[in-house]
Chemist: 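Quick one: this structure, given as structure tokens, is what I'll be asking you about.
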Protein chains: 2
Amino acid sequence: MLLGLTDVFRSKGYEGASLNDLAEATGLKKASLYHRFPDGKQAMAVAVMDHIEKWVEENIVKSLLDVDKTPQERLKNGLSNIKTFYDAGNKDCIFRALSMQTGLTLFAEQIKGGMDAWISTFSEIGLALGQSQQNAHNSALQALVEIQGSLIVSRGMNDITVFDNTLKNIEKRYLSD
Amino acid sequence: MLLGLTDVFRSKGYEGASLNDLAEATGLKKASLYHRFPDGKQAMAVAVMDHIEKWVEENIVKSLLDVDKTPQERLKNGLSNIKTFYDAGNKDCIFRALSMQTGLTLFAEQIKGGMDAWISTFSEIGLALGQSQQNAHNSALQALVEIQGSLIVSRGMNDITVFDNTLKNIEKRYLSD
DNA sequence: GTCTATAGTAAGATAGAC
DNA sequence: GTCTATCTTACTATAGAC
């Protein structure tokens, strides 16, 4: 059910996601959605953000920080999970979708928190690969920028190889240090 | 008047931009907007895309291709105009705003065209700086990805230095070849 | 917990005076 | 060309049966 909500919000954005869209994507009727989310559409979007945060934590973050693996393996696994997360570039990023201005300031904090977590996780990989603190931070920020940008460009040019090549470049850059 | 429309669409997206928003931003009443755009909101968004396309052509493209300047000067001027265009990272990109899924397929073609033009213009700079055709294309695509991504991350982290540093890095990378 | 039916509101769009 | 006033539709949200 959360998967349906997630798909709608990440592809259409908050304002673009209508209750009819959300109901159809979940297979529930509108009234049933309201039964589960008495606070309405905002609460649905918040639940989606929470769900994604957990998914990222349990998949991407965990694989990037797995102490039983070498940094190289961790990086590979993490990037592979990121590719899965964005369905190889076919799915939009929820950050992008919910950082559109809405009049609500509701998601700004969660988005900033998510990006901070992302950067600090990638920084760990850089440090493990021998980068300085400064370089590790810059590499992580750069990876975030490139992933976000390549998703936009992949969508705009209707060419998901942009996303895939970006992931490959990120890996190559990390491993060439 | 187009400036007001542009501000609303690029910050709120197509679905998020209400006629009330658009009227307020232009200083006109809704009925007056409809007098100028009998085909309604879609026509307003199309006009905004056209307007931006022209602005980019007459400012960014022209400065990047100015035959009276060295490639180095052209790059500097072009990036400087890009910085102005995005108000140093404070304004969102219309590509991002209008590439959200809407049910309308209205803008996909214009966005693809805009990105193609962007890439081919930046490729010229790469070639003028001695890059191979292949490298010039890759550099241009990379610049587009980074600009788009840095705008998303700047907004999400509420830190426009991400955008500014990205522009600086693009310049440095081009000039270090 | 899910549904049909409907309320209430805000949206996109028009009519017609000036 | 711009306005006030209004129409129609789509939206978010609720009531109440099962």
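No experiment lies behind these values; they were computed from the predicted model shown. A, B, ... follow the sequence lines: proteins, then strands. Residue 1 opens every chain.
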Chemist: Might you work through the side chain to side chain donor-acceptor pair (under 3.5 Å) test for N81(B) and S63(B), ending with a clear yes or no?
Modeler: CA-CA 8 Å; N81(B) 285 338; S63(B) 59; 3.2 Å; yes
Chemist: Looking only at side chains, do S18(A) and N20(A) share a donor and an acceptor under 3.5 Å apart?
Modeler: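 Result is no, nothing qualifies.
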Chemist: Once you round it to whole Å, what is the distance between C1' of dT2(D) and NE2 of H35(B)?
Modeler: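 That distance rounds to 8 Å.
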Chemist: According to the salt bridge (Lys or Arg N to Asp or Glu O under 4.0 Å) rule, which pairs have a member within residues 122-142 of chain A, sequence neighbours left out?
Modeler: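 Sorted pair list comes back empty.
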Chemist: List the protein contact pattern of nucleotides 11-18 of chain C with one symbol per nucleotide (5' to 3'): B for base contact, S for sugar-phosphate-only contact, - for none; contact means a heavy-atom distance under 4.0 Å.
Modeler: SSBBB---
Chemist: Taking DNA chain C as the partner, which of residues 94-110 of chain B come within under 4.0 angstrom of it by heavy atom?
Modeler: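 Going residue by residue through residues 94-110 of chain B, none turns out to have a heavy atom under 4.0 Å of DNA chain C.
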Chemist: For dC3(D), does either OP1 or OP2 sit under 4.0 Å from a side-chain N or O belonging to S32(B)?
Modeler: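 Yes, S32(B) has a side-chain N/O under 4.0 Å of OP1/OP2 on dC3(D).
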Chemist: Would you check if there is a donor-acceptor pair between the side chains of R96(A) and S99(B) at a distance under 3.5 Å?
Modeler: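 Judged by distance alone, the side chains do pair up.
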Chemist: What's the CG-P distance between L33(A) and dA15(D), to the nearest Å?
Modeler: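 So the CG-P distance, L33(A) to dA15(D), works out to 17 Å.
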Chemist: Can you confirm whether more than 12 heavy atoms, excluding those of E24(B), are under 6.0 Å from its CD atom?
Modeler: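 Count not over threshold, so no.
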Chemist: Whole-Å distance between dG1(C) C1' and M1(A) CE?
Modeler: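 Rounding to the nearest Å, CE of M1(A) and C1' of dG1(C) are 12 Å apart.
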Chemist: Please check if the number of heavy atoms outside N158(B) that lie under 6.0 Å from its CG is greater than 12.
Modeler: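 No, CG of N158(B) has 12 or fewer neighbouring heavy atoms, counting only those of other groups under 6.0 Å.
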Chemist: Could you tell me whether F107(B) and Y14(B) have their ring centroids closer than 6.0 angstrom?
Modeler: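 So the answer is yes for these two rings.
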Chemist: Could you give the CD-to-P distance, from E24(B) to dC3(D), as a whole number of Å?
Modeler: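 Those two atoms, CD and P, are 13 Å apart.
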Chemist: So, for S11(B) and D92(B), which heavy atoms are closest and what is the spacing to 0.1 Å?
Modeler: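 Here S11(B) and D92(B) meet closest at CA-OD2, 3.8 Å.
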Chemist: What is the distance, rounded to the nearest whole Å, between atom CZ of R36(A) and atom C1' of dG1(C)?
Modeler: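 So the two atoms are 7 Å apart, to the nearest Å.
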